[in-house]
Amino acid sequence: MPEPANHPTSALLKWPATALLAWYDAHARDLPWRILPAAAKAGTKPDPYRIWLSEIMLQQTNVTTVRPYYEKFLTLFPNVQALAAAPDAQVMAAWAGLGYYSRARNLVKCARTLVADYHGEFPNTEAALLSLPGIGPYTAAAIAAIAFNQPAAPVDGNIERVLSRLYKLQTPMPALKAEVKQANAKLVPKDRPGDFAQAMMDLGATLCTPKRPNCLICPWREPCLARQAGIEETLPIRAPKKPKPERQGTVFWLENAKGHVLMARRPDKGLLGGMLVFPSKGWDAPNESQLPERLPGAMQNQWTPLKGEVVHVFTHFKLTLSIQAQTAPKGFRAPKGFQWVAPQDFAEEALPSVMTKIWKTVLLK
DNA sequence: CAGTCGTGGGC
DNA sequence: TGCCCAAGACT
């Protein structure tokens, strides 16, 4: 890889790490999964299970969103063995609302692999961690550094932003990541790799933010090349965004005499994989829940449109759903692949958010 | 490499 | 309001 035009000088390589760690010692965020520097100094060791769980939950997700889910998971599944032994449906229900549901499926898969092949212990090398389900380059390096104090150099969105500014790296994302990885590997202090990674993430989350960074009190205020050039807010350079297509579909609300509602479990792969949803059609062709066509002929034209649409924005498309309802006739059984669910069960935050919007529209409006 | 995969908060 | 963004992994 060619050296960047503003390749850091050797002087710049050394002392930024020291300055950042000093800042971290004084300002580290107190997070439920974190061992603060003072406690670490006193001999407290991180629990790899908790570090792993937090890292998976934090993928593309804010700390404030993760916190309650993390606490819930720790209560329900205090260790790898408990998680590995849990039924899939219980884990998916506990994850409901957090998004990116493949993370939850891989979480269970990983826990079961650890119990089956690793005596229930996490491997302590980056390479071995990388081989586990749901653990990619970032998470493998993060766990190695934070949980095992190995000289690994994770690069997440925060670190990419922070270092692109420190070294004024103007290569657009995603190619930028390779340059940041090189620079980062040279910076990592061998004695505190975990704290160094966490320090950069704290810096990115609290001071070196995407918009209006607070350079005034930043420990890297002086060496930061982007700030020197006055272009800190323009970095990192992102690829132009693509237009978000719109889809629309219909949700079918079928209620039986007990007041239970018909639902289906989505296939493991793809959108909302493994989650409980209301039957619908028209918007996700490969995974259509073929409900109406599988109903007795007498029911097929008994749908009544309900007032109100549900709009939900996914990562790569915007979805608008209308709702059709009817009450199932006596003796009607749930078709294969479908199940009746009592409203109190899906009200316990056990559904993906888009489906929570549906039942709230039906029952509360 | 580029597309897929959720959601909620901030502005 | 609509857009941007967040401790990425997988295909």
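So you know, we letter chains A, B, ... as the sequences are listed, proteins then strands, and number each from 1.
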Nearest-Å distance once atom P is located in both B:dG8 and C:dA9: 22 Å
Residue-level proximity of residues 87-106 of chain A to DNA chain B when a heavy atom falls under 4.0 Å: A:G97, A:L98, A:G99, A:Y100, A:Y101
A:R238 side-chain N/O to C:dA6 phosphate OP1/OP2 under 4.0 Å: yes
Residue-level proximity of residues 134-146 of chain A to DNA chain B when a heavy atom falls under 4.0 Å: none
Minimum-distance nucleotide to A:P210 side chain [options: B:dA2, C:dG8, C:dC5]: C:dC5
Set of side-chain contact (heavy atoms from CB on, under 4.5 Å) partners for A:D268, sequence neighbours left out: A:R105
Distance below 4.0 Å between A:K242 side-chain N/O and B:dA2 OP1 or OP2: no
Presence of A:H316 side-chain N/O under 4.0 Å of B:dG3 phosphate oxygens OP1/OP2: no
Upstream residue (5' side of DNA chain C) when A:V63 and A:P133 are each assigned their closest nucleotide: A:V63
Parallel, tilted or perpendicular: rings of A:F278 and A:W253 (30°, 60°): tilted
Spacing of A:F317 atom CZ relative to B:dT4 atom P, expressed in whole Å: 10 Å
Interatomic distance where NZ belongs to A:K177 and P belongs to C:dA9 [whole Å]: 7 Å
Plane angle bin for A:F252 and A:W303 - parallel if under 30°, tilted between 30 and 60°, otherwise perpendicular: tilted
Whole-Å gap separating P (B:dG6) and CZ (A:R266): 9 Å
A:R34 side chain to A:Q198 side chain, donor-acceptor N/O pair below 3.5 angstrom: yes
DNA chain B: 5'-proximal contact among A:F314 and A:P174 (nearest heavy atom): A:P174
Aromatic ring proximity A:H312/A:F314, centre distance under 6.0 Å: yes
Nearest-angstrom distance from the residue atom NZ of A:K244 to P of C:dC5: 12 Å
Proximity to the side chain of A:K211 - top-ranked nucleotide from B:dC5, B:dT7, C:dC4: C:dC4
Side-chain donor-acceptor pair present, A:E246, A:T320, cut-off under 3.5 Å: no
For atom NZ of A:K318 and atom P of C:dG2, their distance in whole Å: 6 Å
Phosphate contact (B:dT7 OP1 or OP2) by A:H312 side-chain N/O below 4.0 Å: yes
Phosphate OP1/OP2 of B:dG8: any A:S353 side-chain N/O under 4.0 Å: yes
A:Q59 side-chain proximity, nearest of C:dA6, C:dA9, C:dC3: C:dA9
Within 6.0 angstrom of A:E233 CD, more than 12 heavy atoms from elsewhere: yes
